[in-house]
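Computed over heavy atoms, backbone and side chain alike; hydrogens, waters and symmetry mates excluded. All chains are named by letter (A, B, ...) in the order of the sequence lines, taking the proteins before the strands, and each is independently numbered beginning at 1.
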Number of protein chains: 2
Amino acid sequence: MTKKDDFDLQDFLPYLLNQAAEESSLAFQNIYKDRYGMLRTEWRVLFHLGIYGRMTAKEIGERSKMHKTKISRAVARLEERRFLTRERDEADRRLEYLELTGAGRAAYQELRSVAIDYDATLARAFAPEEVAVLRKLLHHLAKL
Amino acid sequence: MTKKDDFDLQDFLPYLLNQAAEESSLAFQNIYKDRYGMLRTEWRVLFHLGIYGRMTAKEIGERSKMHKTKISRAVARLEERRFLTRERDEADRRLEYLELTGAGRAAYQELRSVAIDYDATLARAFAPEEVAVLRKLLHHLAKL
DNA sequence: TGTTGTTAGTTACAAAATCAACTGTTAATG
DNA sequence: CATTAACAGTTGATTTTGTAACTAACAACA
């Protein structure tokens, strides 16, 4: 395409990252949304608890960098669906430990395998070394 | 951290991409938002017109993959601020050509240099070959 | 030419994200 | 201890997004 300007939007990292993230998230969402009608925020909370086990909302926030109100609401919805339970920390009553129920763990296991498949599909678009480099660089970017 | 599960969320590409995209977009937004109080959608439309020149909303949609309602609203806001003008195509009266005004071009030029600086800052976190690989792979992912 | 389909863009309404203010609790310090 | 600050989490108001239905214009083709 003819450009009026030598700055290339397609090479601007934040833009490029967004395009790639949006593309892959939407494609992945299309795969899982029908099974559980789950939001991205709920999906994330579920995965955090499924992978790392019992933890507080605060810890989920530190790991995921999601805002606490998003987490609060996602937790409420997952609780409604009986996917998790809360337990007050008696030593520090501000804290609430969240833990998946049997149904929550089952949902996680199912979505986990969907995720693994999808990740493999994406990875197949690259050479193995490339995927490794990509993950490494993204990792680095994510914690700048 | 102790994991209960060998699946690693930090290596799951859609998640990783989102984290990296969110991180870099927010950081970039903090730099430019005070100058123009502009939304990400508006920023994108402005850049498309600044870089590629006069085009229709539809073309912006094809390039950016933003949904047409987002574009429609971003265009309306940019027009309110007198950053762009619309011109009806007389041959096909459904089409409207969008073009930056002087003020719009000035805003673009300013934000463009902010973007170039920020991109350089990000790139500095990597070796030059790494950045090239990263851009290539993201490019590829974005158009899967 | 008239009917049906398609396209560009907008709008109305519902869903979700953001921000600020709030509750209840613990920590810090005089 | 009493008061103030800090923290975990929730709620409410506002803003932004997403979905679907809509308008206006063009296209195809019987």
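Protein atom CD of B:E87 is 14 Å distant from nucleotide atom P of C:dG9, rounded to whole Å. Note: CD (A:E62) to C1' (D:dA8) measures 11 Å, nearest angstrom. Distance CD1 (A:I60) to P (D:dT10): 11 Å, rounded to an integer number of Å. Atom CZ in A:R77 sits roughly 11 Å away from atom P in C:dA15 (whole-Å rounding). One can place CE of B:M55 at 15 Å from P of C:dA8, the figure rounded to the nearest angstrom. Remark: P of D:dT10 and CZ of A:R93 are 14 Å apart, rounded to the nearest angstrom. Taking atom CG of B:D89 as the reference point, atom P of C:dT7 lies 17 Å away to the nearest angstrom. As a whole-Å value, the separation of B:L95 CG from D:dA25 C1' is 10 Å.
Position along DNA chain D of the nearest nucleotide to B:R73 versus A:K58 favours A:K58 as the more 5'-ward residue. Heavy-atom distances to DNA chain C give each of B:R88 and A:K68 a nearest nucleotide, and the one nearer the 5′ end belongs to B:R88. Taking the nucleotide of DNA chain C with the nearest heavy atom to each of B:D92 and A:H67, the more 5' of the two is matched to B:D92.
When heavy atoms are screened at a 4.0 angstrom cut-off, A:A74 is found touching no nucleic acid atom at all. At a threshold of 4.0 angstrom between heavy atoms, the contacts of A:K70 are confined to the sugar-phosphate backbone, with no base atom among them. As judged by a 4.0 angstrom heavy-atom cut-off over every strand, B:T69 is placed among the base-contacting residues. At a threshold of 4.0 angstrom between heavy atoms, the contacts of B:L39 are confined to the sugar-phosphate backbone, with no base atom among them.
By the 4.0 Å N-to-carboxylate-O rule, B:R93 lies close enough to B:E90 to be salt-bridged with it.
Out of D:dT10, C:dA8, C:dG9, the shortest distance to the side chain of B:R94 is found at C:dA8.
The number of heavy atoms from other shown groups lying within 6.0 Å of CZ (B:R88) is above 12.
Contact annotation: B:S72 reaches the phosphate of C:dT10 (side-chain N/O to OP1 or OP2, under 4.0 Å). For D:dT10, the OP1/OP2 oxygens have a side-chain nitrogen or oxygen of A:R86 closer than 4.0 Å.
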Check against side-chain contact (heavy atoms from CB on, under 4.5 Å), B:L141 and A:E23: CA-CA 8 Å; B:L141 269 174; A:E23 179 67 30; over 6 Å; no
B:E42 and B:Y36: CA distance, side-chain angles, deciding distance, side chain to side chain donor-acceptor pair (under 3.5 Å) verdict: CA-CA 10 Å; B:E42 293 162 49; B:Y36 289 108; over 6 Å; no
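By the 30° and 60° cut-offs, the orientation of the rings of B:Y15 relative to A:W43 is tilted.
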